[in-house]
There are 2 protein chains.
Amino acid sequence: MSLRHALLGLLAAGPASGYDLLKIFNVSLANVWPATQSQVYAELGRLADAGLVEVVAEGPRGRKEYAIADTGRAELRHWLTEVAPTRSGRSDTLLRVFFLGQVEPGQARAYLRRLAETAAGAERDLAALSDAVSAEEDDLAFYGRLALEWGLRFNAMQREWADWAERRIEEREAVARRP
Amino acid sequence: MSLRHALLGLLAAGPASGYDLLKIFNVSLANVWPATQSQVYAELGRLADAGLVEVVAEGPRGRKEYAIADTGRAELRHWLTEVAPTRSGRSDTLLRVFFLGQVEPGQARAYLRRLAETAAGAERDLAALSDAVSAEEDDLAFYGRLALEWGLRFNAMQREWADWAERRIEEREAVARRP
DNA sequence: CAGGACATGTAAAATGTTACATGATTCT
DNA sequence: AGAATCATGTAACATTTTACATGTCCTG
């Protein structure tokens with residue numbers, strides 16, 4: 001149930017409305033913990049019912065501004081320090097790799113080449129984002145930059161691996177052609 | 001709906017029962033596409049209803065052996081070559097990084113150290129698995145080894161990143177202590 | 001003949017996605 | 001006045017997890 005903790009974490013930095021939070025999900029957290037509008041509003045309602053957050057202001061157009069409550073902050077800290085991370089690790093991309101033997105080697109290579117290109121593109125985007133992000137000193141920005149560096153390294157790894165894997169398939173094809 | 005494709009992919013290598021497939025999910029695919037017993041049996045039923053797989057033999061204890069049908073093989077190839085991979089990328093681990101500012105720097109460092117250790121452990125396990133895996137030449141083994149190499153590189157990346165991030169926090173603490 | 005491995009299934013609950021629905025306010 | 005943005009919510013559907021339920025076969 002990490003959506004709950006994502007919301008608590010964001011509200012820990014200051015009060016916000018569902019709409020505000022949604023924008024953060026679509027930008028900063030898009031690659032870490034995507035969430036839809038339905039989910040955010042529903043979970044905020046549940047958090048308020050449970051007393052982990054409170055509506056601290058109402059604005060125009062029915063806007064409700066939420067703030068984290070002490071119990072919410074306690075729950076957040078508990079999750080951060082005492083709950084073991086679940087490594088779900090579901091990868092569509094990697095699943096396909098297992099079954100690439102079902103298509104022609106040329107198609108398998110093309111798949112890996114596309115993967116390398118996608119990773120290279122993501123790397124460029126993140127590098128640009130890294131440059132654009134001002135050197136703010138608040139915690140969320142500091143730790144956000146650590147996460148961004150993770151993304152850079154992940155995509156570099158993926159690109160290098162895909163290049164390597166493509167070469168492995170080429171070698172195997174060469175061997176298969178003249179045994 | 002990749003569970004469906006995972007099953008088709010495994011059956012493409014040869015007929016198997018739900019029980020057999022489940023074992024593969026808990027070993028080879030555990031880190032790529034985990035699936036529970038409920039899911040596997042239910043999805044096999046749906047695949048059979050849809051005609052993508054067929055029951056080719058019945059054994060003791062109600063054992064049903066499934067084989068991939070031509071339409072199933074076509075669906076698998078279509079998914080491999082024409083369906084864009086969805087990068088859901090939900091990471092509990094990384095989500096926490098964003099919110100590490102909510103706990104003491106020492107606790108944040110401890111979190112990253114645990115992460116580095118977990119990655120190092122996974123690296124060792126995969127390296128051992130890599131040695132244990134015989135150098136079979138069939139497609140599933142070949143591409144499985146490519147996926148295994150991905151895991152090795154991923155964990156190495158994660159370990160190095162966590163070490164780096166821990167040092168960054170140390171530096172920041174040092175700066176904060178004497179401004 | 002007992003215990004473990006084999007083997008399949010159903011049901012309920014939690015979580016996530018997509019689509020639908022509505023309306024207010026601000027800016028040009 | 002019209003368009004864009006702000007702002008919240010519900011409903012239906014799909015997927016995943018956890019728990020329950022049942023029975024057979026093989027080995028020591």
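The sequence lines fix the lettering, A, B, ..., with proteins before strands; numbering per chain opens at 1.
Remark: the backbone N or O of A:L22 is paired with a side-chain donor or acceptor of A:N26 at under 3.5 angstrom. One N or O on the side chain of A:R96 and one on the backbone of B:W79 form a donor-acceptor pair closer than 3.5 Å. Looking at B:R77, its side chain does come within 3.5 Å of a backbone N or O of A:Q102 through a donor-acceptor pair. With hydrogens and angles ignored, the 3.5 Å screen pairs no side-chain donor or acceptor of B:T86 with any backbone N or O of A:D92.
A:L22 has its CG atom 11 Å from the P atom of D:dC6, to the nearest Å. In this entry the distance linking CD of B:E58 with P of D:dG23 reads 19 Å, nearest Å. Nucleotide C:dC6 holds its P atom 9 Å from the CG atom of B:D20, rounded to whole Å. Per the geometry, CZ belonging to B:R63 stands 12 Å off P belonging to D:dC26, to the nearest Å. Rounding to whole angstrom units, OH of residue A:Y19 and P of C:dT26 are separated by 14 Å. One interatomic measurement links the two molecules: CD of A:E65 to P of D:dC6, which rounds to 15 Å at whole-angstrom precision. The interatomic distance linking B:R90 (CZ) with C:dA14 (P) rounds to 18 Å, in whole Å. Rounded to an integer number of Å, the gap from CE of A:M1 to P of D:dT17 is 15 Å.
Classification of B:E43 and B:R46 as a salt-bridged pair holds, one side-chain N sitting under 4.0 Å from a carboxylate O. Ion pairing between A:E58 and A:R63 fails under the 4.0 Å rule for side-chain N and carboxylate O.
For the segment residues 35-54 of chain A, residues with any heavy atom less than 4.0 angstrom from an atom of DNA chain D are, sorted by number, A:Q37, A:S38, A:Y41.
Both A:S2 and A:P60 lie near DNA chain C, and the one whose nearest nucleotide falls closer to the 5' end is A:S2.
Closest to the side chain of B:K64, from the set C:dT26, C:dC6, C:dT8, is C:dT8.
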